[in-house]
Amino acid sequence: MTTVETRRTAPPLPGAARRSPAGAVLAVLWAGAAAVVALWWADTGSVVGTAGWLTGAGRIAGLLCGYACAVLVGLMARVPLLENRVGSDRVARWHAMAGRYTVCLLVAHVVLILTGYAAQDRASLWHETVTVVLDYPDMLKATTGTVILFAVGITSARAARRRTSYEFWYYVHLLTYAAVFLAFFHQVALGEQFNGAPAATALWYVLYLGVAALVVWFRILAPVRLNRRHRLRVESVQREAPGVYSVVVRGRHLDELGARPGQFFRWRFLGEGMGWTSTPYSLSAPPRPDLMRVTVKALGDHSTAVALLRPGTRVWAEGPYGSLTADRATARQSLLIAAGVGVTPLRALFETLPGEVTLLYRARSAEDLALGGELEAIARRRGGRVLYALNGPRDERPDLTAGSLRATFPGLAGHDVYLCGPHGFARDVYEALRAAGVPDRRIHHESFEL
């Protein structure tokens with residue numbers, strides 16, 4: 001997890017694999033979708049004529065859209081089992097994919113239903129649309145929810161996100177909850193599969209209330225409990241490299257959090273105008289019972305303002321999250337490959353990973369090496385190695401190909417490799433590692449990008 005301001009996840013690395021419950025979770029989600037289709041099948045008699053086929057397809061799309069809405073919100077709930085075992089980056093990608101499916105199914109539902117009704121009533125599509133929106137119960141609510149979901153989808157598109165601030169995107173994104181709330185009541189009121197079917201209606205309520213409970217518990221109650229219990233405040237801010245600062249946070253009973261090296265929290269600093277934004281930053285040192293530390297590079301408004309934090313500033317944190325941890329290791333030897341500020345979670349792992357550990361740190365120049373003194377001290381203390389890959393005198397980039405990696409690290413295929421850095425760098429190194437014979441299951445990576 002790189003310590004940058006996050007508004008979208010990077011694409012998955014080619015061939016990336018993760019030993020986690022990801023397959024089981026996906027199987028459950030697809031089984032749920034199949035059950036939704038079965039609900040329509042069991043409640044539908046013969047389908048006759050063009051209008052019947054259009055209406056039937058629209059109802060299937062509507063049911064799947066309603067199910068996708070529940071999945072979408074569930075993936076936003078920050079459930080620790082998913083965040084820490086599947087991985088926050090993968091869950092975020094699933095959420096983005098579920099959002100695209102939801103919008104597509106919503107479009108299909110609206111178009112097919114209205115076209116089918118128009119064919120059935122032998123009316124124009126415009127006349128049927130006005131009739132349905134104004135005369136059918138709960139349709140104004142559904143229309144409002146539809147507009148909101150479209151707005152969320154548009155602002156989540158990559159081209160739109162590049163042109164909007166993180167804060168604007170974040171708060172528009174929160175309207176998803178309102179859209180799902182409105183769509184739910186429309187569906188149970190007008191859905192053909194729920195009329196006179198108390199068992200189906202009860203299951204739909206269980207699905208939505210269960211997802212709502214996850215959101216309330218993990219997005220509201222758990223963070224409130226964490227911050228009331230641990231009383232986090234900024235202890236100090238220290239410059240590490242040009243534009244890179246470490247923030248030490250003091251609190252009580254921090255060992256109870258169960259945070260591990262390689263994980264991250266979502267931080268909200270309640271001062272200097274930063275309290276409106278919650279941003280993920282990795283732990284850059286193993287947590288202590290009274291202290292945690294993050295190291296941040298100034299890449300946006302929020303991370304730039306970190307340098308101005310004053311001691312005593314209150315901190316609101318959520319977490320820990322992330323699966324880039326020592327329990328993913330399978331070999332006695334580990335290679336950590338970091339680029340830029342991606343060194344922060346790997347610095348914490350460098351201190352704590354068992355076995356023989358080597359850190360390869362890619363940076364533009366020696367001046368850009370953050371936490372270099374700490375890395376050297378850790379290497380001396382534990383008998384590890386730190387290697388640097390810096391640009392040459394004419395700014396030429398170092399060679400990090402499969403051949404150079406094999407030559408530098410004998411027996412590389414038998415290493416666990418932890419990889420953290422900008423997505424382009426991580427993608428290229430991932431391919432080089434695979435070409436060097438390192439199996440996917442031994443390449444551990446979590447990536448977020450601006």
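- At distances below 3.5 Å, at least one donor-acceptor pair connects side-chain atoms of Arg233 with backbone N or O atoms of Gly312.
- When side chains are defined from C-beta on, Leu346 counts as touching Cys420, because their heavy atoms get closer than 4.5 Å.
- Closest approach of Ser282 and Phe264 over heavy atoms only: CA-CB, 3.6 Å.
- In this structure, the separation between CZ on Phe150 and CG on Leu106 is 4.5 Å, given to the nearest 0.5 Å.
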Q: List the steps, then state whether side chain to side chain contact (heavy atoms under 4.5 Å, CB included) holds for Val37 with Leu63.
A: CA-CA 8 Å; Val37 175; Leu63 286 169; over 6 Å; no
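- The distance from the OG1 atom of Thr102 to the CG atom of Leu72 is 5.0 Å, given to the nearest 0.5 Å.
- Atom CH2 of Trp217 has 12 or fewer neighbouring heavy atoms from other residues, nucleotides or ligands inside a 6.0 Å radius.
- Ionic pairing of Glu235 and Arg250 is present here: one or more N-O contacts between side-chain nitrogen and carboxylate oxygen are shorter than 4.0 angstrom.
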(Q) Under the criterion side chain to side chain contact (heavy atoms under 4.5 Å, CB included), I'd like the reasoning laid out for Val224 against Trp316: C-alpha separation, chi angles, the key distance, then a yes or no. (A) CA-CA 9 Å; Val224 168; Trp316 183 275; 3.9 Å; yes
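- For the pair Val386 and Leu360, the minimum side-chain heavy-atom distance is 4.5 Å or more.
- For the pair Ile337 and Leu335, the minimum side-chain heavy-atom distance is below 4.5 Å.
- Residues Tyr101 and Val71 form no side-chain contact, since every pair of their non-hydrogen atoms from C-beta on lies 4.5 Å or further apart.
- Taking every heavy atom of both residues into account, Leu349 and Ala326 meet most closely at CD2-N, 3.9 Å.
- Formation of a donor-acceptor pair under 3.5 Å by the His415 side chain with backbone atoms of Gly411 is found in this model.
- The residues Arg332 and Glu356 are annotated as salt-bridged, a charged nitrogen and a carboxylate oxygen being separated by less than 4.0 angstrom.
- Under the 3.5 Å distance criterion, with hydrogens and angles disregarded, no donor-acceptor pair is assigned to the side chains of Ser246 and Gln238.
- Within a 6.0 Å radius of CD in Glu367, no more than 12 heavy atoms belonging to other residues, nucleotides or ligands are found.
- Judged by distance alone, the side chains of Thr295 and Thr344 never bring a donor and an acceptor atom under 3.5 Å apart.
- The environment of Phe218 atom CZ is dense: over 12 non-hydrogen atoms of other residues, nucleotides or ligands sit within 6.0 angstrom.
- With hydrogens and angles left out, the side-chain atoms of Asn227 and Arg268 include no donor and acceptor closer than 3.5 Å.
- For Arg225, the salt bridge (Lys or Arg N to Asp or Glu O under 4.0 Å) test picks out no residue, with sequence neighbours left out.
- Listed for the Thr313 side chain is a donor-acceptor partner under 3.5 Å among the backbone atoms of Arg310.
- Aromatic pair His173/His95: centroids less than 6.0 angstrom apart.
- Of the possible polar contacts, one joining the Tyr67 side chain to the Leu29 backbone as a donor-acceptor pair under 3.5 Å is found.
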Q: Take Glu351 and Arg382 through the test salt bridge (charged side-chain N to carboxylate O under 4.0 Å, His left out) and record every step on the way to the result.
A: CA-CA 8 Å; Glu351 183 174 345; Arg382 67 168 300 159; over 6 Å; no
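- Aromatic pair Tyr208/Phe181: ring centres not closer than 6.0 Å.
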**Q.** Intermediate values then yes/no, side chain to side chain contact (heavy atoms under 4.5 Å, CB included), Phe425 and Leu400
**A.** CA-CA 10 Å; Phe425 166 85; Leu400 293 179; 3.8 Å; yes
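- Atom CG of Leu75 sits about 11.0 Å away from atom CE of Met97, to the nearest 0.5 Å.
- Shown here for Ala317 and Leu232, the closest heavy-atom pair between the two residues is CB-CD1, 3.6 Å.
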Q.
Checking Leu387 against Thr408 for the side chain to side chain contact (heavy atoms under 4.5 Å, CB included) test, could you report, in this order, the C-alpha distance in whole Å, the side-chain angles of both residues, the deciding distance, and whether it holds?
A. CA-CA 10 Å; Leu387 304 177; Thr408 306; 3.9 Å; yes
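- Side-chain contact between Thr330 and Arg441 is present, with at least one heavy-atom pair separated by less than 4.5 Å.
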If you look only at distance, which donor and acceptor atoms sit under 3.5 Å apart when one is on a side chain in residues 368-381 and the other is two or more places apart or in another chain?
| unit_1 | atom_1 | unit_2 | atom_2 | d |
| --- | --- | --- | --- | --- |
| Asp368 | OD2 | Ser365 | N | 3.4 |
| Asp368 | OD2 | Ser365 | OG | 3.0 |
| Glu374 | OE1 | Arg293 | NH1 | 3.4 |
| Glu374 | OE1 | Arg293 | NH2 | 2.9 |
| Glu374 | OE1 | Arg347 | NE | 2.7 |
| Glu374 | OE1 | Arg347 | NH2 | 3.0 |
| Glu374 | OE2 | Arg293 | NH1 | 2.6 |
| Glu376 | OE2 | Tyr388 | OH | 2.7 |

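- Looking at every heavy atom in both residues, Leu390 comes nearest to Ala366 through CD1-N, 3.9 Å.
- With respect to Arg328 and Asp416, no salt bridge is recorded, no charged nitrogen being found less than 4.0 Å from a carboxylate O.
- A donor-acceptor pair is defined here as one N or O able to donate and one able to accept, closer than 3.5 Å; no such pair exists between the side chain of Trp40 and the backbone of Arg59.
- Without hydrogens or angle criteria, Tyr418 side chain to Thr325 main chain gives a donor-acceptor distance under 3.5 Å.
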Q: Quick one: do Arg252 and Asp290 satisfy salt bridge (charged side-chain N to carboxylate O under 4.0 Å, His left out)? Show the steps, please.
A: CA-CA 5 Å; Arg252 305 182 305 176; Asp290 60 339; over 6 Å; no
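- The structure places CG of Asp440 at 10.0 Å from CG of Leu433, a figure rounded to the nearest 0.5 Å.
- The minimum heavy-atom distance linking Gly153 with Val103 is given by the pair CA-CG2, 4.4 Å.
- Ring geometry, Tyr430 versus His445: the interplanar angle exceeds 60°, so the pair is classed perpendicular (tilted spans 30 to 60°).
- Below 30°, between 30° and 60°, or above 60°: for Phe265 and Trp267 the angle between ring planes is between 30° and 60°, a tilted geometry.
- The distance from the NE2 atom of His253 to the NE2 atom of His230 is 8.0 Å, given to the nearest 0.5 Å.
- Judged by distance alone, with hydrogens and angles left aside, the side-chain atoms of Ser404 form a donor-acceptor pair with the main-chain N or O of Thr401 at under 3.5 Å.
- Between the side chain of Ser88 and the backbone N or O of Asn84, no donor-acceptor pair lies under 3.5 Å.
- Annotation for Ala413 and Gly437: closest pair CB-O, 3.4 Å, computed over non-hydrogen atoms.
- Judged purely by atom type and a 3.5 angstrom limit, His444 has no side-chain atom pairing as donor or acceptor with the backbone of Leu324.
- Here the side chains of Thr176 and Cys69 are not in contact, with every heavy-atom distance at 4.5 Å or above.
- Residues Tyr245 and Val296 have side chains not in contact (no heavy-atom distance under 4.5 Å, counting atoms from C-beta outward).
- Side-chain contact between Val306 and Val247 is present, with at least one heavy-atom pair separated by less than 4.5 Å.
- A salt bridge links Asp327 with Arg260; the closest basic N to acidic carboxylate O contact falls under 4.0 Å.
- In this structure, OG1 in Thr144 is found 12.0 Å from NE2 in His186, a value given to the nearest 0.5 Å.
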